[in-house]
Amino acid sequence: NLGNHEVPDGVTDFDKENWNDVFQASHYTMDIFNYLKSREPLYTVRDYMDSQSCLTRWMRSLLVDWMVEVQESFELNHETLYLGVKLVDYYLSKVIISKEILQLVGAASMLIASKYDERIPPLIDDFLYICDGAYTHKELVRMEINILKVSDINLGFPLSYRFLRRYARCLKISMPVLTLARFIL
Amino acid sequence: MYCTVDKSHTSGAPATQARNAKDDMVDDEEWKNLGVGLPSGVTMREKKSGALSRMQKLKKRLSHSFGRLTVSKEDPEDHVSGKLPYNGYSDEFLDRLEPNGNIPEGKADLKYTDWNTVRGHNNRVVKRQLSVSSDSKLLDDDIREEARVILRPRKPPRPKSEVLLNNPGSEHRRTKRFSAFGGDSPFGKSEAYIKLEQLGEGSYATVYKGYSNLKNQVVALKEIRLQEEEGAPFTAIREASLLKELKHANIVTLHDIVHTRETLTFVFEYVVLGTPGEEDWPGVTTLPGYKPHKLGQYRPRKLGLYWPRLHDVVQGEAMATALLQLDPAHRLGADDAMCHPYFNGLPKKLLELPDDVSIFSVEGVHLYPEHYTAIK
């Protein structure tokens with residue numbers, strides 16, 4: 001019986017508590033968790049910064065800051081942001097780019113992540129606007145295809161955020177603690 | 001125009017957290033330098049103002065900021081190439097990469113300290129690649145140029161303003177990990193598949209029958225048009241990324257994905273129910289699009305021949321065949337399916353459950369692990 005799993009003594013089994021709640025999908029959680037865990041090694045991104053002759057860690061952090069703002073402003077899911085950042089890292093670990101198009105990579109990654117995860121993804125024009133017209137419609141679409149190509153449309157990254165959600169649920173941690181954890185991630 | 005976007009100033013916690021994240025990493029002084037910072041005296045709370053001003057703050061070119069940030073790393077190059085559209089990489093530099101992508105020990109320092117040695121090579125590289133530019137204004141030309149490249153087969157298009165770590169010329173550097181893109185893998189190339197007749201057309205894709213030279217078998221080619229206003233359709237992105245993870249005997253297998261500039265082609269296994277005719281689809285021959293000479297005459301075959309695993313399940317083939325009838329009048333409906341002998345082994349109580357009660361509340365219902373060995 002896959003749904004069942006052992007928990008250490010003195011720990012309440014969160015899934016058992018919600019065993020009959022259809023919406024918690026308790027029978028499947030452990031499978032999902034183990035599946036994501038097993039896929040994690042397949043998606044590791046190496047430390048690529050030294051091979052990026054034109055980029056610095058500074059630029060990446062600036063880009064990620066910007067992507068966080070994009071996520072907030074468009075009210076995107078947290079998963080979208082994490083997937084977007086992951087895509088940027090994956091792309092940069094495979095392709096060497098110049099600093100001028102770093103933001104294009106970021107925008108295209110967010111676009112792909114939104115399409116993957118969002119119910120109503122933002123439009124391409126929205127992304128062009130927040131890049132302050134630095135890139136054209138054509139360039140963004142082209143970069144989108146490039147990223148899809150390089151990642152070979154493997155977008156099922158096991159995101160750190162998903163694990164956090166699960167941990168937070170099982171431990172029933174409070175909102176401030178969860179927020180702190182998000183910040184650390 | 002953007003007023004639908006902003007409700008996040010009420011959402012509190014995540015927004016604050018993100019602000020904090022930024023303020024921790026960057027102090028105010030630096031943000032002023034970037035031209036995106038706060039005017040002095042503005043508190044963080046006031047920053048969360050209306051939708052429009054938020055979008056205006058968000059709207060910026062990061063490359064403007066990068067210019068100031070990267071003086072130490074890029075200055076030497078500017079002296080060399082001036083306004084040349086230097087592309088951000090050099091073969092010289094790539095040569096120093098080890099197969100694993102790391103810079104060999106000792107050579108990393110060279111990059112920063114000994115520019116005189118490198119400069120000569122850089123000059124050469126810059127000249128050779130003058131036509132290559134990352135300047136956004138010139139990128140359109142690159143696009144045109146790349147379109148020409150695509151016309152030549154055997155050479156997968158490579159982005160002009162970028163270079164891949166697995167440069168095709170350098171065998172020793174290539175690892176298995178990179179082979180999916182521009183490497184020596186036969187997959188992912190349009191030459192590997194022969195497009196035969198069209199099988200059907202949907203709102204965003206056309207399905208062709210095809211032949212795979214790699215596997216010497218008939219495949220279904222689903223060709224998705226990429227020239228849409230919103231880029232790659234999100235349905236396609238989701239379909240591909242999800243199917244990539246799903247390898248299961250009961251799910252149509254996605255063999256391969258072929259990218260070209262205009263299209264994205266998914267290569268699926270080919271499933272035959274036979275060409276529809278009057279006996280299994282009354283009225284089909286009178287449909288406006290029915291062209292027998294184009295469709296070809298395929299005889300339906302027993303599903304068990306395609307999925308031998310159906311024989312392993314009691315009533316499996318009968319159930320699948322009943323569900324896959326073309327004529328709705330002959331097709332098994334959901335209610336009737338529940339009464340099919342296929343389900344005879346299940347407790348009768350399952351059929352009487354209210355909609356909002358988990359099937360696992362019935363005694364004796366458990367999940368069992370799937371045996372994946374049956375998948376070819």
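Chain letters run A, B, ... following the sequence lines, proteins first and then strands; every chain starts at 1.
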Practice item. Could you tell me whether the side chain of A:L155 reaches within less than 4.5 Å of the side chain of B:E245, counting heavy atoms only? Key: no
Check your understanding: With side chains defined as the heavy atoms from C-beta onward, is the minimum distance between A:L111 and B:F234 less than 4.5 Å?
Key -> no
Check your understanding: Can you name the residues that form a ring pair (Phe, Tyr, Trp, His ring centres under 6.0 Å) with B:F266, not counting sequence neighbours?
Key -> none
Check your understanding: A:L148 and B:I257: side-chain contact (heavy atoms from CB on, under 4.5 Å), yes or no, with the steps?
Key -> CA-CA 11 Å; A:L148 287 178; B:I257 299 175; over 6 Å; no
Practice item. Identify the heavy atoms of B:I237 and A:I153 that sit nearest to each other, and give their distance. Key: O-CG2, 3.8 Å
Practice item. Sort A:Y35 into side chain, backbone, both or neither according to what part of it lies under 4.5 angstrom from a heavy atom of chain B. Key: side chain
Exercise for review: Please look at A:E118 and chain B and tell me whether the side chain, the backbone, both or neither of the residue comes under 4.5 angstrom of a heavy atom of that chain.
Suggested key: backbone
Point to revise | Distance (rounded to the nearest 0.5 Å) between B:S241 OG and A:L83 CG | key: 9.0 Å
Exercise for review: Examine distances only and state if a side-chain atom of A:K115 and a backbone atom of B:P233 form a donor-acceptor pair shorter than 3.5 Å.
Suggested key: no
Review point. For the side chain of A:E144 and the backbone of B:G231, is there at least one donor-acceptor N/O pair under 3.5 Å apart?
Key: no
Review point. If you count heavy-atom pairs under 4.5 Å between each of A:V64, A:V141, A:N154 and chain B, which one has the most?
Key: A:N154
**Study point:** Any residue meeting side-chain contact (heavy atoms from CB on, under 4.5 Å) with A:D117, in chain and number order, not counting sequence neighbours
**Key:** A:N77, A:E79, A:T80, A:R162
